[in-house]
Structure formats: C-alpha cells, structure tokens
Amino acid sequence: MSNETNPQEFIIDRTFDAPRDLVWKSLTEPERMQQWFAPKGFSSRAVKHDLRPGGTYHYCMASADGHEMWGKVVYREIVAPERLVYINSFSNAEGGTTRHPLSATWPLEMLSTFILVDYKGKTTLILKWTPHHATEEEKQTFAAAHDGMRQGWTGTFDNLTEYLAKSQ
C-alpha cells in the first residue's frame, strides 16, 4: 500500500499469519516488543511502559558495539485489538524529546497509527506515519525519506514475522 497523493503521510502494510490478538500483544507488551522491535543488528529494551491514553513507552535500542538510540511514545488512542495511536519521537535516556541523531530536520514528533484487521485467522497491520506539528522543512525531509522508511519498516516487519512464527 502506498499513498502517493499525500506526501505528508507514509503508509505501509503487512499481512501476518497470526491471530490479531497475538499481533496486538506483540505491539503493546514490552517483553514481546523487545523480541522484534529493533533494526537488524540492534537489541531493544523497555525502560518505562504505561499503556493508557497519555501514558508513555520509553525504550532504548542498542547496537552490538554499544551505540544507543532512545525513543519515546506517548499513547493517544488504544482500542484493543484494533487500533493503536501514539506520538513518537527520539529521546534521551531521561525521556526528554530530542532530535533525530542523524537528521537535524527530521520531524521532532511523528503521529503513528496502527490498524489491525482480522481476516480468517491472519492479521493485516496497516501503519500510517505522519509528521506532527512539523515545520515545512521537516515535512519535506519526511516526504523525501519514504523509500528509506519503507526499507526500515520492511525489515522491522520481517522481525515481527519471525517473532510471530516462534510465538504460536
């Protein structure tokens, strides 16, 4: 799925051979997320998790050589097991919002919407990603990065596919 008409929105989807409840738990339970939610070559750990509107998920991704990248999620909408909406950003170890470590013009905040559709025991996960309260320069940086985002999320969804296969 792509959205060529609105460059401010990035959309990617994947159908998983797993029940929707399991995919939902894999998106919302830190002990499960740590098993798949990181780029290849990175590990992930949860520092804080409070799954409720206004609650936060603070996490760290670390490379094999010890390089750390911090992220933060602030939940906005939780409709189990159908929809999860949150604002995500890069952060520091204390949970403060920071800029992307490699891009000074990347949007400071992203609105992330995950929609889970059940069909005959399989689950289609649709991810919509949009810059939130972004400047024009940040929106342009985001629009120009869709190919890289597609590559990154494809790898992350590959990790989720492997995790789900082991979890059933």
Side-chain angles (χ1 to χ4, degrees), residues 1-40 42-46 48-59 61 69 71-91 100 106-134 138-139 141-168:
M1 183 179 291
S2 68
N3 189 1
E4 301 303 323
T5 61
N6 180 2
Q8 302 315 314
E9 187 171 60
F10 170 78
I11 300 174
I12 189 169
D13 66 82
R14 170 81 66 95
T15 299
F16 298 98
D17 190 9
R20 183 165 66 170
D21 284 338
L22 179 58
V23 176
W24 175 263
K25 289 176 182 176
S26 300
L27 290 173
T28 59
E29 296 177 2
E31 59 277 1
R32 292 179 186 269
M33 290 180 70
Q34 291 174 167
Q35 303 298 312
W36 68 270
F37 189 68
K40 295 283 186 198
F42 280 73
S43 63
S44 176
R45 74 179 189 276
K48 177 183 180 183
H49 186 247
D50 183 10
L51 183 65
R52 64 175 177 81
T56 61
Y57 175 55
H58 185 217
Y59 61 94
M61 293 184 198
M69 235 178 3
K72 177 178 68 173
V73 162
V74 178
Y75 295 106
R76 298 182 96 185
E77 182 182 347
I78 302 163
V79 183
E82 301 169 5
R83 183 178 170 88
L84 182 65
V85 180
Y86 57 72
I87 300 292
N88 69 292
S89 60
F90 287 92
S91 76
H100 187 300
W106 185 257
L108 197 56
E109 296 180 321
M110 302 293 299
L111 176 65
S112 299
T113 302
F114 293 82
I115 300 166
L116 288 78
V117 180
D118 175 42
Y119 184 72
K120 296 185 179 181
K122 294 185 179 189
T123 304
T124 298
L125 172 60
I126 303 161
L127 167 62
K128 296 181 180 186
W129 225 16
T130 309
H132 186 68
H133 297 304
E138 291 169 341
K139 290 175 185 177
T141 297
F142 178 82
H146 282 204
D147 288 342
M149 290 184 289
R150 185 161 313 287
Q151 182 179 358
W153 276 108
T154 296
T156 300
F157 285 167
D158 289 347
N159 293 346
L160 180 55
T161 298
E162 292 171 19
Y163 171 76
L164 292 168
K166 294 186 296 188
S167 298
Q168 296 187 67

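Remember, it's a predicted structure, so these values are computed and weren't measured experimentally.
Y75 and H49 have perpendicular rings, their planes meeting at more than 60° on a 0 to 90° scale where under 30° would count as parallel. The aromatic rings of H146 and F10 sit perpendicular to each other, their planes meeting at more than 60°, with 30° as the lower class boundary. Aromatic ring pairs are classed by plane angle as parallel below 30°, tilted from 30° to 60° and perpendicular above 60°; the pair F157 and F16 is perpendicular. Under the 30°/60° scheme for interplanar angles, the aromatic rings of Y57 and Y59 are found to lie parallel.
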Would D17 and L164 count as a side-chain contact (heavy atoms from CB on, under 4.5 Å) here? Give the steps. CA-CA 8 Å; D17 190 9; L164 292 168; over 6 Å; no
Kindly determine whether L125 and L27 satisfy side-chain contact (heavy atoms from CB on, under 4.5 Å), including the steps that lead there. CA-CA 10 Å; L125 172 60; L27 290 173; 4.0 Å; yes
Test side-chain contact (heavy atoms from CB on, under 4.5 Å) on L22 and R32 and set out the steps. CA-CA 10 Å; L22 179 58; R32 292 179 186 269; 3.3 Å; yes
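A distance of 5.0 Å separates NE2 in H132 from CD in E109, rounded to the nearest 0.5 Å. Considering CG of N159 and CE of M33, their distance stands at 12.0 Å, rounded to 0.5 Å. E9 CD to F142 CZ: the interatomic distance, rounded to the nearest 0.5 Å, is 8.0 Å. Of the inter-residue distances, the one linking I78 atom CD1 with W24 atom CH2 reads 6.5 Å to the nearest 0.5 angstrom. In this structure, CD on Q35 lies 12.0 Å from CD on E162, to the nearest 0.5 angstrom. Annotation: the span from H100 atom NE2 to E138 atom CD amounts to 12.0 Å, rounded to 0.5 Å.
Across all non-hydrogen atoms, the minimal contact from N88 to Y86 is CB-CE1, 3.7 Å. Across all their heavy atoms, Q34 and R45 have their closest contact at OE1-CA, 3.4 Å. Minimum interatomic distance between T123 and A18 (heavy atoms only, all atoms of both residues): OG1-O, 2.7 Å. Taking both residues in full, the closest heavy atoms of R150 and T154 are given as O-OG1, 2.7 Å, listed atom of the first, atom of the second, then distance. Taking both residues in full, the closest heavy atoms of A134 and K139 are given as O-CE, 3.5 Å, listed atom of the first, atom of the second, then distance. Nearest heavy atoms, I87 versus R76: CG1-CD, 3.6 Å.
Residues T161 and R14 bring a donor and an acceptor atom of their side chains to less than 3.5 Å of each other.
R20 contributes a side-chain N or O that, together with a main-chain N or O of L116, makes up a donor-acceptor pair within less than 3.5 Å. Between the side chain of W36 and the backbone N or O of S26 there is at least one donor-acceptor pair closer than 3.5 Å. Although no hydrogens or angles enter the test, the distance criterion places no donor-acceptor pair under 3.5 Å between the side chain of D13 and the main chain of T124.
The side-chain heavy atoms of I115 and K128, taken from C-beta on, include a pair separated by under 4.5 Å. Under the 4.5 Å side-chain criterion, counting only non-hydrogen atoms from C-beta, Q168 is in contact with P19.
With sequence neighbours excluded, no residue satisfies side chain to side chain donor-acceptor pair (under 3.5 Å) with K166.
Counting non-hydrogen atoms of neighbouring residues, nucleotides and ligands closer than 6.0 angstrom, the CD atom of Q151 reaches no more than 12 such neighbours.
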